[in-house]
2 protein chains.
Amino acid sequence: MRIGELAKLSNCDVETVRFYEREGLLDRPAREANGYRQYSDEHLTQLNFIRHCRSLGIGLTEVRILRRFQSTPDLACDEINQLIDKQIARIHEQTESLRQLERQLHALRDTCHANQKTGECGIMRTLEQAAEGEGCACHPEEKTR
Amino acid sequence: MRIGELAKLSNCDVETVRFYEREGLLDRPAREANGYRQYSDEHLTQLNFIRHCRSLGIGLTEVRILRRFQSTPDLACDEINQLIDKQIARIHEQTESLRQLERQLHALRDTCHANQKTGECGIMRTLEQAAEGEGCACHPEEKTR
DNA sequence: TTAACTGCCTGTAGCTGCTACAGGGTCAAG
DNA sequence: CTTGACCCTGTAGCAGCTACAGGCAGTTAA
């Protein structure tokens, strides 16, 4: 199949497929006489593998590592487990810091509900006070430090 | 004060300060005879404002907008509230998708605990099956579609 | 016949928010 | 006179794509 079909089947962009090839994640396909890329089912499987990993937030570097493991099925899978564990830890950290962000933004939002002039807007004032080092609603824990 | 002191006071990198200036977020400072940047307290406040917004995940484009609002205190603050609301929505979405990711990764992790060969590793097999379109532990909802 | 259209090609630049050089000047202390 | 801590400009790099520009290939419609 050609690149357009492959891309559609694995639900990604044509440019992305070429990008993965350039990055050495996807095997180079054969070429037709006119230079068009000619893909096999094996390529489709590879691409699906990459996209699936990506959908799990696994970075291209890690995907490259996993692809290398695929070709050596006799190695211990210890490293794979570690890789996934690291990924879980990373995502967990991100979730936590986003949760905190959400709380902070809500606190900031609560300082202004009425439609006022910018000069009296609670949000704007809070942000400006914070800039002056006076402490703010959104980062309350820093007050007590 | 010079750039190094300013950067230290607002707890960011010297290069970042210059970057904000290039981006038009921070007012251009006066220069000493030798070309060194000469900052005032006003600059420090501006920089703190930017950093505080950034710590709330507010993008540079939005910070630019907020900075413009600062200079027109008589405008209605409606837009500011909307801007923060949009920010909250964005962060909330991100949190949700990360939470889902975390669940998926845990499901994947649960497919292999023992130290085995890569060829038998549950994680690797799960990923490979998914690539073949057989459904996977990490994206269970897609099975039933 | 020719024009339009779709799909493919290569190569390069852009996005965000910095960060990290290279290659150079300034100034005080030892 | 050299070392070291600053400062300067300008450019390239990071991730993971995305979006052109400029051009060829192959099919179809007027």
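Throughout, protein chains are lettered first and strands after them, A, B, ... in sequence-line order, and every chain is numbered starting at 1.
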Rounding to a whole Å, what distance do you find between [X]:[atom1] and [N]:[atom2]?
{"X": "B:Leu6", "N": "D:dC8", "atom1": "CG", "atom2": "P", "value": "11 Å"}
{"X": "A:Leu25", "N": "D:dA15", "atom1": "CG", "atom2": "C1'", "value": "12 Å"}
{"X": "A:Glu23", "N": "D:dT18", "atom1": "CD", "atom2": "P", "value": "14 Å"}
{"X": "A:Arg2", "N": "D:dA25", "atom1": "CZ", "atom2": "P", "value": "12 Å"}
{"X": "B:Asn34", "N": "D:dC8", "atom1": "CG", "atom2": "P", "value": "9 Å"}
{"X": "B:Glu15", "N": "D:dC7", "atom1": "CD", "atom2": "C1'", "value": "11 Å"}
{"X": "B:Glu21", "N": "D:dC7", "atom1": "CD", "atom2": "C1'", "value": "13 Å"}
{"X": "A:Phe19", "N": "D:dC14", "atom1": "CZ", "atom2": "P", "value": "11 Å"}

Of A:Tyr20 and B:Lys8, whose closest DNA chain D nucleotide lies nearer the 5' terminus?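 Between the two, 5'-proximity favours B:Lys8.
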
Can you work out whether B:Arg31 or A:Gly57 has the more 5'-proximal nearest nucleotide on DNA chain D?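 Checking each residue's closest nucleotide, the 5'-ward one belongs to B:Arg31.
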
Cluster check A:Tyr36, A:Met1: I/L/V/M/F/W/Y, side chain < 4.5 angstrom: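 They do not share one cluster, since no chain of ILVMFWY contacts under 4.5 Å joins A:Tyr36 to A:Met1.
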
For residues 74-95 of chain B, pull every pair meeting salt bridge (Lys or Arg N to Asp or Glu O under 4.0 Å), keeping only residues two or more places apart or in separate chains.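 Counting only pairs at least two positions apart or across chains, the salt bridge (Lys or Arg N to Asp or Glu O under 4.0 Å) contacts touching residues 74-95 of chain B are A:Arg109-B:Asp85.
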
Under 4.0 Å from any heavy atom of chain A: name the first and the last nucleotide of DNA chain C that qualifies, 5' to 3'.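 In short, chain A contacts DNA chain C from C:dG7 to C:dT10.
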
Check every atom of D:dC17, D:dG26, D:dC8 against the side chain of B:Tyr36 and return the nucleotide holding the closest atom.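 Of all the options, the side chain of B:Tyr36 is nearest to D:dC8.
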
Short side-chain donor-acceptor distance under 3.5 Å, A:Glu62 and A:Gln87: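 Short answer, no.
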
For the residue pair B:Glu96 / B:Gln100, report whether a side-chain donor-acceptor contact shorter than 3.5 Å exists.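 On atom types as modelled, these side chains do not qualify, holding no pair under 3.5 Å.
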
What contact category does A:Arg51 fall into here, base, sugar-phosphate, or nothing, at under 4.0 angstrom with non-hydrogen atoms?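 Sugar-phosphate contact only - A:Arg51 comes under 4.0 Å of backbone atoms but never of a base.
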
Quick one: label A:Arg18 by what it contacts on the DNA or RNA (base, sugar-phosphate, nothing), any heavy atom closer than 4.0 Å.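 Counting heavy atoms under 4.0 Å across all strands, the contact made by A:Arg18 includes a base.
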
State which residue, out of B:Leu47, B:Asp27, B:Val17, fulfils the side-chain contact (heavy atoms from CB on, under 4.5 Å) condition with B:Tyr39.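 That would be B:Val17; it is the only one of B:Leu47, B:Asp27, B:Val17 passing the side-chain contact (heavy atoms from CB on, under 4.5 Å) with B:Tyr39.
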
Single hit among B:His43, B:Glu32, B:Glu21 for side-chain hydrogen bond (donor to acceptor under 3.5 Å, both in side chains) with B:Arg37: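 Of the listed options, the one satisfying the test is B:Glu21.
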
With DNA chain C as reference, determine whether B:Ile58 or A:Gly35 sits nearer its 5' end, using the nearest nucleotide of each.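 The residue whose closest nucleotide sits nearer the 5' end is A:Gly35.
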
Can you see if the side chain of A:Thr16 gets near the phosphate of D:dT18 - specifically, an N or O under 4.0 Å from OP1 or OP2?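 So the side-chain polar atoms of A:Thr16 do come within 4.0 Å of the phosphate oxygens OP1 or OP2 of D:dT18, strictly under.
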
Do other residues, nucleotides or ligands put more than 12 heavy atoms under 6.0 Å from A:Asn34 CG?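 Atom CG in A:Asn34 is crowded, with more than 12 foreign heavy atoms closer than 6.0 Å.
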
